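Only one structure is covered here, and it is reproduced in the block below.
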Amino acid sequence: MTTLTDPPKASFRLSQLIYDTRYRSITIQVIAMILVVLGLYWLVNNTIQNLSALGKDFNFGFLTQPAGYDINQRLIEYTSQSTHLRAAIVGILNTLLIAFLGCILATIIGVFVGVLRLSKNWVVSRLMAVYVEGFRNVPLLLWIIAIFAIMTESMPQPRDFKVGGDASMLLGDSVAVTNRGVYVPGVVFENGLLGSPLLNWLLIIAVLISSIFAIRFVRRRADAIQESTGIRPTTWYQQLGLFVVPVGVLMFLMGVQLQIPYIKGFNFTDGIHLRNSLIALWIALSLYTGAFIAEIVRSGILAISKGQSEAAAALGLRPNRTMNLVILPQAMRVIIPPLISQYLNLTKNSSLAIAVGYMDVRATLGGITINQTGRELEGILLMAAFYLALSLAISGVMNVYNNRTQLQER
Amino acid sequence: MTDTNTHGVGYVRDKMLPEKSPPIGEKGAIKWMRENLFSSKLNIFLTAISIYVIYIVLASILPWAFGGVWNAGSLTECREVLFSFYKTSHDGACWAVIEDRWLQLLFGFYPPEAYWRPILAFVLLFVALAPILFADKVPSKMMWFSLAFPFLAVWLIWGGSFWTPIFAAFGFVAGFIVLKILSKVTGPIVANLLALAAALFWWGAVMSPLSDALHKSIGAGRFDTTLAAIEARTAELPAEIAALEAAGEDKAADIAAALEEKNATVIEMAGIRVGEFAIEQQIEPKTAAFEQLDAAQESIEDLSDILTEWGRAPAATSDSEAAIAEAERAAASADTLIGNIGSLLSGALSDLEEDTADLTEVSEIMVASAAQEDASILEDVSAMVDKAELIDPLAGLIERAGSITTATTAADLAALRADVETAMAALSTNISSLETIRAKIVATNADDLEAPQAKLVSQMAGLTALRNEESSLSQEVFRVSSEATEANGFMSALASLNEREASLPQLRELTATAREQIVCKPHWLLRWLPAFLEPCPERNMINVNQLPEDATNEERGLLSIYLNARNQELSIEASVRDTYAELGRVGLAPIDSREIGGFMLALIVGVAGIVLSLPLGILLALGRQSHLFFVNKICVAFIEVIRGVPLIVWLITASLLLNYFLPPGSNFDLLLRVIIMVTLFAAAYIAEVIRGGLAALPTGQYEGADSLGLSYWQSMQLIVLPQAMKISIPGIVNTFIGLFKDTVLVVFIGLFDPIGLAGAIRADTDWNGIYWELFVFIGVLFFIFCFSMGRYSLHLEKKLQREHR
């Protein structure tokens, strides 16, 4: 006969908090939490004491006061009478502008160099290797300053473009590279359909996007026909027409004209003036990040095993279709995540604008505003919050992409 | 048997043919080039483009870099030397700035007599790295040196008594001992916490009193001998300074003499080249005049185009606004063009008339100068057209241009244009013959110039040597005179030491009484506490304006009395401590962080960041992979916040905000703050890299470690981390390279890193306007370090991969 006895009652002893793995993790977390809370309390308490000792308080009221300084590059209306908040927004927009321009150019350079570095042509691949190593191993700040020095020291003065001067404009007399910046043609709407140029631009972009959707529809229909009959209808002229005609008609209606810069007195007027600070920062950031992107692209292409392209060849696919249908879709999965983190780096590196006097958010909110109002704590907190929000947003997008393209293994 | 075969077949080869060499296109360099460079049309195109790019870059860089000047005292002197070799500063680099300032670029403002200390630390760095970098070739006992190195390096660079680094290291030892003893008695958690507490207690409460006590006891014993020695030293210092200054003056005189000689050479060369200059002065205004005439000619053409287009003076063809506007625009540009033509022509005239010397003067100069050696030059000059012949037609042209209106006929304009072109042709022949003459003179002068050029180069070298001697002398003067100032200050500090020490108890008493008298208004929640526990926030204040708004004047006065008393006490205490530290120091002279700069600063920040961020990064990565919810979230938040914000913002935080976060009144070294920030920044990146390594490890490894019964830390240490680290090596090294490059950002918070020093050098009048030489030097230094780090990581990757296979 067996007697059933109750399992020993689990009586809780204090020592279990330390020795029993079931409870130990809680103990550790509680201790960690206490330490962190104590540490934070210590920091906050110190800050309060220090602020009160300096006779300061913590508030963001300064944002509504007039800024009192000028910003030389502004995408929205701004005068020195505008508020510090508006100055900060102007700076944020400038940061986003340089980040946007930089990402585009860096991608172009990176893809180009990355592909060429894999070329069988010895001279080309060496040349690209020299570019990549040269830019990756020298501080970005040095490149920014050097390119700025090239722009300001070695470019001709605007007056050299006058009749009898020894400099000439590029691209059919429409672009002037001077030591005060680059002058490119601007676009004006003679009879815009909407009130402001911005809205007109948005209209054009909207039309472009709808054209793209129409093109996709045409392609899908072509696919369907190919699926059912085996013959693909010729659609390239439809696609081209869909892309060009609506925008062309709209631009004609709005009277879009190029406004070519011309020299007047000792400087250029009309057109768009891209300052040296913008150009130097843009080129340096793009070349620097481009070197990193080139390596990413190279490793992405190398990551696709040779069997893939051989199998595609065995199926009878031509080389360009092999690239489009087999290699690139797989390589993109490897390329995109580090590529986006490079975009993030570029955005953060744009804060080096301080070296050339480009008015980004660090220069307005984190620079002049702080110096004028003495609100270091608030200003730096806001600036850090902006950068943090930006990078969290970008990495959120990256996570969505990663989840969508992840290979489903096991 | 073989015969049957021979009957049936006409010929059978019975021995192998000798191997033929492959066709010329299929072997050696040609084959390689065909396959690698010219295999397709695209490839040929790419090769051509690349070779062109390489040629352009090298053609602009190599002559500049190798045609540079190494010996000169300023940019002006550089240009002088370059000019004597027919170069401009675009054709030759002024490397003299590097020769002059390389020590500053490397060490910042570190005292030159102590350069051996950072150099020794740098060499020892490699000794300490050896067991880590080349673990298989170096005895593992060397690891102990690697562990001791950080303390040794800090002591070497910053100086101080020799026991300070030992005491600092003992904090770790104390923590370790407590951990070892307690982990057997209590559990690991308690042991770890207590070990941490023990180490913190040692660093916070024991270390500096102990060090002060040592300083004091040694200092007290040395007091009399030191005082005597310093008195003797101060007595002999003025004589030493005077001797050095005299030597310096002698050197200055030598330099002045050498400068005189150099200037004589420069003048001699100018004398030789005077003919050339005279011709150049002819060419320059004439070229300018030619360009103006050319522009005038173009303007006439434009004008005639406009007039032809309209058929007459532009006038509106209809009443419409657009037509009127267009006509007005055309009329305006026609008017501008007419004005331009006149002004351009008179500009050309004035160029020729006023800025060009008479030919007779030129030929006089020729006769007097070295150019007379070649008789043909004189002939050429005398054969040249007189100035008047060029000027006269212009006067007529200007008159005609003045009468141009919009009504002028096309034929008239064409005639005018043709005449302008004739004038241009005359001018152009003139210029080209001048240029021939100039080339001849340059050729004649070449022989004569060789000797002075060589002389100038050697004189510059001698001058540089003299200047170096002088600057080392003046450094010596500076060192000795600052030693004298310090000795005087120290002597007076020693004289008042006993007095200050004696006054301390009284000051303490005063502070205590003042503290008692402060009016306490504790928070109402805490009023029930017994009197001896009664908290008094007022007693912890550091500034009177921390008192609430409604405080009475009396309260403010009492608080300010207390604060003054306390500040005085603290400052006297600190000064006594400093004097004893100086008196009782056994070790190296202390050096202030502000004096550290240049590439050394980049190395210090970089190496410290790398060494400190790796352990922190590993802990963060483990925390982020941990299943403990709270620990995990803390680590995630920390990593994301640090990574989401640019380093430059963190550096500004370090320079502006860190003082807010620390206890009131505490203030520590900016360099230390920067190192802390850089470490935290790099640690977040390292954590992400190592997390990748941890995630890449198969789950089986974790499970296997668990099934062996290893504890968490054992399994991490023995199983997981070694493999994860191996996977993460490339990423870690990349982070280190990034960190090292980012050290230049400290320039924005006022530290003198290489780029900041480049700015400082450029601010010197001697080197104002110099860019590329400094950039190239700094860039090459960084490139060497970062590139070799990258290569080492590749090497390590390959080595570990082989073992793995």
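Being a predicted model, the structure only gives us computed values, none of them experimental. Per chain, numbering begins at 1; letters A, B, ... match sequence-line order.
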- Task: Just give me the residue among A:A146, A:A32, A:A385, A:G366 that pairs up with chain B most often, heavy atom to heavy atom, under 4.5 Å.
- Result: A:A146
- Message: Using heavy-atom distances under 4.5 Å, tell me whether B:E640 contacts chain A through its side chain, its backbone, both, or neither.
- Response: both
- Note on the structure: Per-residue tally against chain B (heavy atom, under 4.5 Å) across A:S350, A:S125, A:S351, A:G134 peaks at A:S351
- Task: Let me know if A:L390 has heavy atoms under 4.5 Å from chain B in its side chain, its backbone, both or neither.
- Result: neither
- Count the heavy-atom pairs under 4.5 Å between each of B:F629, B:F748, B:F785 and chain A, then report the option with the highest count. B:F748
- For each of B:F38, B:W650, B:F783, tally heavy-atom pairs with chain A at distances under 4.5 Å, and name the one with the top tally. B:F783
- Message: I need the A:N121 CG to B:L46 CG distance, nearest 0.5 Å.
- Response: 6.0 Å
- Message: So for A:V36, is it side chain, backbone, both, or neither that comes closer than 4.5 Å to the heavy atoms of chain B?
- Response: side chain
- Message: Working to the nearest 0.5 angstrom, can you tell me the gap between A:L35 CG and B:L193 CG?
- Response: 6.5 Å
- Query: chain B heavy atoms under 4.5 Å from A:A389: which part of the residue, side chain, backbone, both or neither?
  - Reply: neither
- Item | Engaged part of A:L392 at the chain B interface, taking heavy atoms whose separation is under 4.5 Å | side chain
- Item | Which atoms of A:L388 approach chain B - backbone, side chain, both or neither, heavy atom under 4.5 Å | both
- Tell me, for A:S391 versus chain B, whether the close heavy atoms (under 4.5 Å) come from the side chain, the backbone, both or neither. side chain
- Item | B:I648, part contacting chain A, at a heavy-atom distance under 4.5 Å | side chain
- Assert top hit (heavy-atom pairs under 4.5 Å, partner chain B, pool A:W143, A:F386, A:Y387) equals A:Y387
- Item | Distance-minimising heavy-atom pair for B:G644 and A:K348 | O-CD, 3.8 Å
- Item | Minimal non-hydrogen separation, B:R791 against A:E133, with atom names | NH2-OE2, 3.6 Å
- Between B:F630 and A:Q29 the two heavy atoms that sit nearest each other are N-OE1, 2.7 Å
- Item | side-chain hydrogen bond (donor to acceptor under 3.5 Å, both in side chains) involving A:E376 - partner list, sequence neighbours excluded | A:K56, B:Y660
- In terms of heavy-atom proximity below 4.5 Å to chain A, should B:V780 be classed as side chain, backbone, both, or neither? neither
- Among A:L142, A:V30, A:L43, single out the residue with the greatest number of heavy-atom pairs under 4.5 Å to chain B. A:L142
- Message: Just so I know, are the side chains of B:I652 and A:I370 near enough to count as touching, which here means a heavy-atom distance under 4.5 Å?
- Response: no
- Query: Of all residues at least two apart in sequence or in a different chain, which pass the side-chain contact (heavy atoms from CB on, under 4.5 Å) check with B:A654?
  - Reply: B:R673, B:M677
- Between B:I634 and chain A, which part of the residue has a heavy atom less than 4.5 Å away: side chain, backbone, both or neither? side chain
- Query: Of the backbone (N, CA, C, O) and the side chain (C-beta and beyond), which part of A:M383 lies under 4.5 Å from a heavy atom of chain B, both, or neither?
  - Reply: side chain
- Query: Taking every heavy-atom pair that is under 4.5 Å apart, which of B:L781, B:I784, B:T47 has the most such pairs with chain A?
  - Reply: B:T47
- Message: If you compare all heavy atoms of A:V123 against all heavy atoms of B:S50, which two are closest, and at what distance to 0.1 Å?
- Response: CG1-CB, 3.6 Å
- Query: Which pair of non-hydrogen atoms, one from B:L628 and one from A:S25, has the smallest distance, and what is that distance?
  - Reply: CD2-CB, 3.3 Å
- Between A:L352 and B:L745, the two heavy atoms sitting closest are CD2-CD2, 3.2 Å
- Query: Is chain A contacted by the side chain of B:D294, its backbone, both, or neither, given a heavy-atom distance below 4.5 Å?
  - Reply: neither
- Message: So for B:F661, is it side chain, backbone, both, or neither that comes closer than 4.5 Å to the heavy atoms of chain A?
- Response: both
- Message: With heavy-atom distances below 4.5 Å as the criterion, would you say the side chains of A:N50 and B:N659 are in contact?
- Response: no
- In terms of heavy-atom proximity below 4.5 Å to chain B, should A:I394 be classed as side chain, backbone, both, or neither? neither
- Check each atom of B:I737 against the heavy atoms of chain A and say whether the ones under 4.5 Å are side chain, backbone, both or neither. side chain
